[in-house]
**Q** 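If you scroll down you'll find the structure; I have some questions about it.
The basis for the numbers below is simple: all heavy atoms, side chains too, and nothing from hydrogens, waters or symmetry mates.
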Amino acid sequence: NTGDTIGKSKYQVSWDESAHTFTLTFDRDWVAKNWPAGSNPRIQIRFEGTVDKDAPTVKVGNEWKLTLNNSITPSNRVENN
């Protein structure tokens with residue numbers, strides 16, 4: 001299923017704005033059908049953001065951590081210049 005888009009009806013997004021986090025919860029039936037035991041599923045999550053026009057002009061670093069089944073995988077750190 002490489003390159004397939006997962007329809008919005010197959011997952012839910014929960015946002016925690018105070019912690020700057022979100023959680024994706026995939027539909028149990030969809031997971032059972034597409035991610036069988038022993039497989040190595042890969043997903044790509046695309047973000048599009050807009051910087052507030054009144055945001056301060058300071059250096060900002062962005063990074064994320066993927067938590068999956070109590071395992072944490074950090075991303076690289078991206079900074080504006």
Side-chain angles (χ1 to χ4, degrees):
N1 294 350
T2 302
D4 289 349
T5 300
I6 302 170
K8 288 184 179 181
S9 65
K10 304 302 180 194
Y11 65 90
Q12 293 182 343
V13 181
S14 302
W15 294 92
D16 183 343
E17 292 188 24
S18 63
H20 304 280
T21 64
F22 70 92
T23 301
L24 290 176
T25 305
F26 292 94
D27 176 86
R28 184 177 301 273
D29 292 335
W30 185 89
V31 170
K33 180 180 176 184
N34 292 279
W35 292 351
S39 67
N40 294 304
R42 296 175 63 181
I43 60 170
Q44 179 180 7
I45 302 168
R46 179 178 170 179
F47 293 94
E48 292 186 18
T50 303
V51 176
D52 188 300
K53 65 181 176 77
D54 297 324
T57 56
V58 297
K59 189 171 189 173
V60 176
N62 289 306
E63 64 184 324
W64 56 266
K65 293 178 178 61
L66 172 65
T67 305
L68 181 62
N69 296 332
N70 297 316
S71 173
I72 299 174
T73 304
S75 74
N76 58 329
R77 185 174 177 86
V78 178
E79 295 179 344
N80 65 335
N81 292 319

**Q** How close do Phe22 and Leu24 get, heavy atom to heavy atom, and via which atoms?
**A**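 That closest heavy-atom pairing would be CE1-CG, 3.7 Å.
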**Q** Could you measure the distance from the CG atom of Asn34 to the CD1 atom of Ile43? Nearest 0.5 Å is fine.
**A**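 Asn34 atom CG to Ile43 atom CD1 measures 12.0 Å (nearest 0.5 Å).
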**Q** Return a table of donor-acceptor pairs under 3.5 angstrom between the side chains of residues 9-18 and protein atoms on other chains or two or more places apart.
**A**
unit_1	atom_1	unit_2	atom_2	d
Asp16	OD1	Ser18	N	3.2
Asp16	OD1	Ser18	OG	2.8
Asp16	OD1	Ala19	N	3.2

**Q** Do Thr25 and Thr23 make a side-chain contact, defined as non-hydrogen atoms from C-beta onward lying under 4.5 Å apart?
**A**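 SC-SC contact between Thr25 and Thr23 confirmed.
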**Q** Output all residues satisfying side-chain contact (heavy atoms from CB on, under 4.5 Å) with Lys65, sequence neighbours left out; order by chain, then residue number.
**A**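 By the side-chain contact (heavy atoms from CB on, under 4.5 Å) rule, Lys65 matches Glu63, Ile72, Pro74.
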